Amino acid sequence: MHLRFVDRRIPGSIATDDLTRETYGSTTSIPNGMPLLLDDRWRPVEPWLTYFRIVGAAAQRSTVRNYGYDAHRFASYLDARGTDVVHATTDDIIAYREWRLNESQRPVSPATWQREVVVIRGVYQLLIQTGVLQREPWITIGRSSAVSNRWHSDPDIRPLNRIQWETFRDVGLSGRDATGSMDPRWRGRSPLRSRAGAELAVTTGMRVSEFSRLLDAELPTASAIGASVLLEACAKYQKRRRVSVPASTLRAVDLYRQTERRSVARRSAASLWARRSELFVVDEVDTAAGLIRGRREGKRSTWRMHLLPPELRRIAVAEREGGLEALGLFLGRGGLPISLRAWHATFETATQRALELAPDQLGGRRARITPHDLRHTFAVIMLRGLMDVALAREADRRAGAVGPATLSEHISINPRLTVQRLLGHSNPATTMIYLRYIEDTDALVQSVFESWNDETVSFAEAVTADRRTT
C-alpha cells in the first residue's frame with residue numbers, strides 16, 4: 001500500500017489520471033493536496049479514493065493530510081492481516097487498536113487514538129451510506145464499542161495563571177530577565193511579532209492556524225473599543241465565528257506593524273517581485289465590503305475576505321513602491337507569512353528560555369507552553385469572569401435591584417454558551433471540560449455543603465457569598 005498526495009504543480013505527479021478520468025470524467029475533480037492510497041500496481045484503492053474526495057472538499061488541507069497518514073496506517077495494517085476495510089472483522093479492529101495503543105514501536109496516547117477513530121468511523125459511514133455494508137464490523141452497546149469509548153480521555157487542558165503568562169511573554173518572548181530588565185544576552189528575532197501573536201491567542205482564544213493566517217487588513221488599527229474579526233476559511237471545520245479583539249491587543253499589534261513588519265516588508269519587496277509569477281497578486285482590497293480581487297497564474301478571482309483559503313493567504317501580495325508586499329499580518333524573513341511550524345518553534349524556544357531564567361515565576365511548570373495553551377487560558381479566564389457576572393446579577397435580582405430575567409438574558413449571559421460561541425466548539429461537552437479548571441472550585445463546594453442543613457440559605461446565595469469572600 002502506497003500513500004501519495006496530489007500535487008498539480010508537478011507535471012505527471014498524478015500517476016492515476018486514466019483511471020480517475022474513467023471514474024469521475026476528469027482528473028480536475030480531485031482537489032490539490034488530496035491523499036491517494038495506491039495498490040502495488042499504483043492504482044487508487046477504494047473506498048479511500050471516494051472518502052478523501054468527499055473529506056477533501058470540506059476539511060482543511062492540513063487536516064486531510066493527517067487523515068491520509070492515519071488511513072494509510074490502518075489500511076496497511078489490515079493488508080498485512082490479509083484483509084481490507086470492507087472485509088475487516090471486529091477482531092481486526094480490536095487488534096489494530098491494541099497495536100496502536102500498546103504494541104507498536106511508538107504507542108500513541110488515547111487522545112491520538114481518538115483522532116484516528118475519526119477516520120475509521122468515517123470510512124465505515126461511507127460504506128454503509130453507499131450500501132456496501134449494512135453496519136460497522138463492531139457492536140456498540142450503550143456508548144461502548146471496539147473503537148472509542150473505552151479509550152476516551154479528556155483533552156489535556158493546561159491554562160496559565162497571570163504570573164506564568166507574564167513571565168512567558170516578557171522573559172520567553174520579549175528577551176527580558178527575571179527582574180524585568182532587558183537581557184543583554186538576548187539574541188531572539190522578531191520579539192514584537194511573537195508577542196503580538198501570543199497576545200492575540202490569549203485574549204481572543206484563536207487557534208494558531210487562525211491568528212497566524214490573518215491578513216493585515218482584517219485587523220483594524222488600535223481603537224478605544226477594540227475590534228472584531230470574522231473567521232471561517234481558517235477556522236476548524238470552516239465553522240464561521242466572530243472573535244473580539246481587545247484594544248490593548250490591537251496596540252501590541254500596531255507596535256509590531258510600525259516596526260518589525262514595516263522593516264521586513266521593505267527588505268523583501270524586491271525579492272517578492274521576482275517571484276510574482278507564483279504569487280496571488282492582489283490589485284484591490286475593499287475592507288468596507290470585505291472583498292479581495294487579484295490574479296494568480298493568469299486567472300482572476302474575487303473572494304470575500306473571511307473566505308480566502310489558507311493557501312492563497314500565504315502567497316497574497318500587493319504592489320507597493322519598490323516591489324510587492326505580502327498581505328499577511330505576521331511576516332517572516334522572506335516577506336511571506338511564517339509557517340505554523342515556525343510559530344510552534346518560537347513557543348518552544350520561549351518556554352525553554354523562561355524555564356531557564358525564571359523557573360520560580362512559572363510555578364514549577366515543566367511542560368512546553370504551546371499556542372493552544374493560550375487558547376485554554378482564554379477559555380478559563382472568560383468562563384470565570386462570566387460566572388462572576390452571572391452570580392453578581394443573580395445577587396442583585398434577589399436583592400430587588402433588577403427585575404426578573406428574560407429568556408434572552410439567560411441565553412446572552414450564559415457563561416458556557418458564550419465561551420462555546422467564542423471558541424467555536426460544536427459540542428457543548430468540550431466547553432464543559434473547562435469548568436474543572438475554574439479557580440476556587442473546592443472553596444465553592446465547601447461553602448455550598450456547609451449550608452446543606454440551613455434552609456434559609458439558597459444555593460445561589462451560598463455561591464454568591466463564597467465569591468465575595470474569595
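Computed from a prediction, not measured in an experiment: that's the story for all the values here. Numbers for residues simply follow the sequence, beginning at 1.
Aromatic ring centroids of F330 and Y256 lie under 6.0 Å apart.
A salt bridge does not link D373 with R368: every distance from a Lys NZ or Arg NE/NH1/NH2 to an Asp or Glu carboxylate oxygen is 4.0 Å or more. Taking 4.0 Å as the cut-off between side-chain N and carboxylate O, D283 and R300 count as a salt-bridged pair. With salt bridges taken as basic N to acidic carboxylate O contacts below 4.0 Å, one links R73 and D70. Using a 4.0 Å cut-off between charged side-chain N and carboxylate O, E278 and R275 make a salt bridge. A salt bridge links R261 with E325: the distance from a Lys NZ or Arg NE/NH1/NH2 to an Asp or Glu carboxylate oxygen falls below 4.0 Å.
For R106, there are no salt bridge (charged side-chain N to carboxylate O under 4.0 Å, His left out) partners two or more places apart in sequence or in a different chain. Scored by the salt bridge (charged side-chain N to carboxylate O under 4.0 Å, His left out) test, E321 finds no partners at all (sequence neighbours excluded). Considering only residues two or more places apart in sequence or on other chains, R41 meets the salt bridge (charged side-chain N to carboxylate O under 4.0 Å, His left out) condition with none of them.
Side-chain atoms of W303 and L291, non-hydrogen and from C-beta on, never get closer than 4.5 Å to each other. Counting only heavy atoms from C-beta outward, the side chains of L312 and R296 approach each other to under 4.5 Å. Two residues are said to be in side-chain contact when any heavy atoms from C-beta on lie closer than 4.5 Å; L336 and V317 meet this criterion. For the pair I54/T50, a side-chain contact is recorded, criterion being any heavy-atom separation below 4.5 Å from C-beta on.
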query = Does the pair Y67 and Y51 meet the rule for a ring-ring contact (aromatic ring centres under 6.0 Å, His included), with working shown?
reply = CA-CA 11 Å; Y67 286 174; Y51 172 78; 7.3 Å; no

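For residues 193-210, the salt bridge (Lys or Arg N to Asp or Glu O under 4.0 Å) pairs, not counting sequence neighbours, are R169-E199, D170-R195, R195-E199, R207-E210, E210-R241. Applying the salt bridge (Lys or Arg N to Asp or Glu O under 4.0 Å) definition to pairs two or more places apart or across chains, those involving residues 286-295 are E284-R293. Residue pairs meeting the salt bridge (Lys or Arg N to Asp or Glu O under 4.0 Å) criterion with at least one member in residues 213-234, sequence neighbours excluded: D216-R257, E218-R313, E232-R240.
Looking at E116 and Y96, their side chains do bring a donor and an acceptor atom within 3.5 Å of each other.
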